[in-house]
2 protein chains.
Amino acid sequence: MSPLLKIRAERDQMSAIERRIADFILDNAHLLRDYSSQQLADALQISQSSVVKFSQKLGFKGYPDLKYGIGESIAHHRAQESTAPRTAADPFAASAEALWRRKQEAESETRLINPPAQIRAVAAALTAATQVFVTGLGEDAPQAQALALRLALLDIRASCPGDAFVVSAALSGAARNDVLLVLCEHGRQPALAQLGRELRARGGKLVSVTRHSANPLRSQADLALLVSAHDERAHVEPLLYRAALQHLLDVLYLELCETRRDALARLQANAERLRRLLES
Amino acid sequence: MSPLLKIRAERDQMSAIERRIADFILDNAHLLRDYSSQQLADALQISQSSVVKFSQKLGFKGYPDLKYGIGESIAHHRAQESTAPRTAADPFAASAEALWRRKQEAESETRLINPPAQIRAVAAALTAATQVFVTGLGEDAPQAQALALRLALLDIRASCPGDAFVVSAALSGAARNDVLLVLCEHGRQPALAQLGRELRARGGKLVSVTRHSANPLRSQADLALLVSAHDERAHVEPLLYRAALQHLLDVLYLELCETRRDALARLQANAERLRRLLES
DNA sequence: CCGGTCGGTCAATAAATTATTCTTGACACC
DNA sequence: GGTGTCAAGAATAATTTATTGACCGACCGG
């Protein structure tokens, strides 16, 4: 039980002096940090030994232990309060925090609409592929690039060609089982849809990552991952979309790390190599 | 800032013995309650005075005060965890959720160590700049690219040259007030530090975005933004780092959106143009 | 290469805080 | 009234913490 609660609970069965100590602590818990047993005793005009005995009677090893317990107690209390809807001091900090919360919602929703089995299936397809192409346009491009880098570090043959034409060229050499992973927020870009058709014609697998609303790319895909992110402010929604997409891809990556044989060892070796390269 | 976080932040700039103390505390925070400074010293085979000096150096009144702070810190931590909703049906879903939580922590910490004033200052510098260069290597490269795109949509003249040599060439035309924004996790890449020097020599401003531990790039920068992200699993830490970095940059972006004149209108016009381009 | 300085560490010790012991007085019960 | 119990305080012992001064090694400018 929390020390503060314990003190309050036992307060009624205490002697007069003990009760004075209890009251002081309950009222001034936050000041206790700077009080020695002697100072506390002085403040209450009682003897130092009474303070120590009070502590021991409550089950603490001694006065410093009581103090430690009270400290924990108020920190715990504060933490719980701070979890509740907060009133941010700075308007700026407030909007930063609001953004943070909205992102969490988007990430949660995204997690819920992608069943674990689906993510596992995508991971399996990536593992089975001889070659993986990742592509995305506009804001999705950097994400695609980052994902390709991650996959490469896991010794998955992944590339992220600069533009759609290059992808198309690369696809001409694609074999069965190869995977094209397309990031496309609205799933409506004709160029990407076209790439998907080319790949499927050659027996490859198309994995789409789009918003959860119905769209051409998604309906064409062998495997579809979905992202949910909504905000009435046009400048905020892309931030939510990216965070949710990021999280989805992170979870996929985590799955790959945890299920591929030797993944972590290889990852470490590759990362080490990359680090040396960059620092040279 | 939480004492534990503070210790972790300063760990890198500590002497060998101090680092041993820091590690012990970080690993055994929950045991500290029963350790006197002498016992802690014995456990580490060092002198008791080193423990006391360690405490004072970190800004505590003394060892008991440090202990008190750590106690608060872990109580706070525990409280936050216990408030969190528990839904661990699938082991896979559980690890996805754990990742999610860890990201939130990293983002929160990152938000706390970057005072609003600092972010405003960076936003102001970006607004005032004639030209903005964004750069990053390895995993930071896609982030840099995405940020440059975002800034460009706000009508800030921003570019993200492909490699350091190109940046260097671009810098030769840089004027006073231009800004170089460098994303560099550990702040230790000589090439980027060199770019910073070149720019500053021409009167430009260097903004660094690095981990919160001390590093050459950060100490050289006019304005420094900091990222906090920690995990014992080597394959998870980069995910946290990226999420926290992303959030920091998002907050910066939000600040720009909300303070620049006509920002939203321009953004909308530019986004529309980009959309048409991609769908054609 | 050499003195000088500085930061870090430790042993010794001073200072403080805490815990115990012992005494006293109040109160209840026999 | 005698006696046991118990809370409280004073004195003091024990422990813990903080400071001091000496030493060592790294670094630096001459």
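Order of the sequence lines fixes the chain letters, A, B, ..., with proteins taken first and strands second; residue numbering starts at 1 for each chain. Everything numeric in this text was worked out from a predicted model, so none of it was measured.
Atom OH of A:Y68 is separated from atom P of C:dT18 by 16 Å (rounded to the nearest Å). When rounded to the nearest whole Å, the span between NZ of B:K61 and P of C:dA16 equals 13 Å. B:M14 has its CE atom 11 Å from the P atom of C:dT9, to the nearest Å. One atom, CD of B:E18, and another, P of C:dC10, lie 11 Å apart when rounded to the nearest Å. The separation between B:R19 atom CZ and C:dT9 atom P is 10 Å, rounded to whole Å. For B:Y63 and D:dT15, the OH to P distance is 17 Å, given to the nearest whole Å. D:dG25 atom P lies 14 Å from atom CD1 of B:I17, rounded to whole Å. Between B:F54 atom CZ and D:dT17 atom C1' the separation is 17 Å, expressed in whole Å.
Taking the six-membered ring for Trp, B:H77 and A:H76 have ring centres at least 6.0 Å apart. For B:F24 and B:Y35, the ring centers are positioned less than 6.0 Å apart.
Taking the nucleotide of DNA chain C with the nearest heavy atom to each of A:D65 and B:S50, the more 5' of the two is matched to B:S50.
Of the listed nucleotides (C:dT18, C:dA12, D:dG9), C:dA12 has the atom at the smallest distance from the side chain of B:Q48. For A:I46, taking side-chain heavy atoms from C-beta onward, the closest of the listed nucleotides D:dG9, C:dT9, C:dC10 is D:dG9. Comparing C:dT20, D:dA8, D:dT19 by their nearest atom to the side chain of A:V52 picks out C:dT20.
Backbone-only engagement by A:K57 is indicated by non-hydrogen atom pairs under 4.0 Å involving sugar-phosphate atoms exclusively.
Remark: B:R120 CZ is packed, more than 12 non-hydrogen atoms of other residues, nucleotides or ligands lying under 6.0 Å away.
Looking at B:S2 and B:S73, their side chains do bring a donor and an acceptor atom within 3.5 Å of each other. B:E18 and B:S15 share a donor-acceptor pair across their side chains, judged by distance under 3.5 Å alone. A:R242 and A:Q143 share no side-chain donor-acceptor pair at under 3.5 Å. Residues B:S47 and B:S49 bring a donor and an acceptor atom of their side chains to less than 3.5 Å of each other.
Sorted by residue number, the list of members of residues 34-45 of chain A with any non-hydrogen atom under 4.0 Å from DNA chain D is empty. Contacts between residues 23-33 of chain A and DNA chain C, counted as heavy-atom distances below 4.0 Å, involve no residue at all.
Of all the heavy atoms in A:C257 and B:H235, the pair that sits closest is CB-CD2, 3.5 Å.
Annotation: cation-pi pair B:R150/B:Y253 present, NZ/CZ under 6.0 Å from the ring centroid and within 45° of its normal.
The phosphate of D:dT19 (OP1 or OP2) has a side-chain N or O of B:Q56 nearer than 4.0 angstrom.
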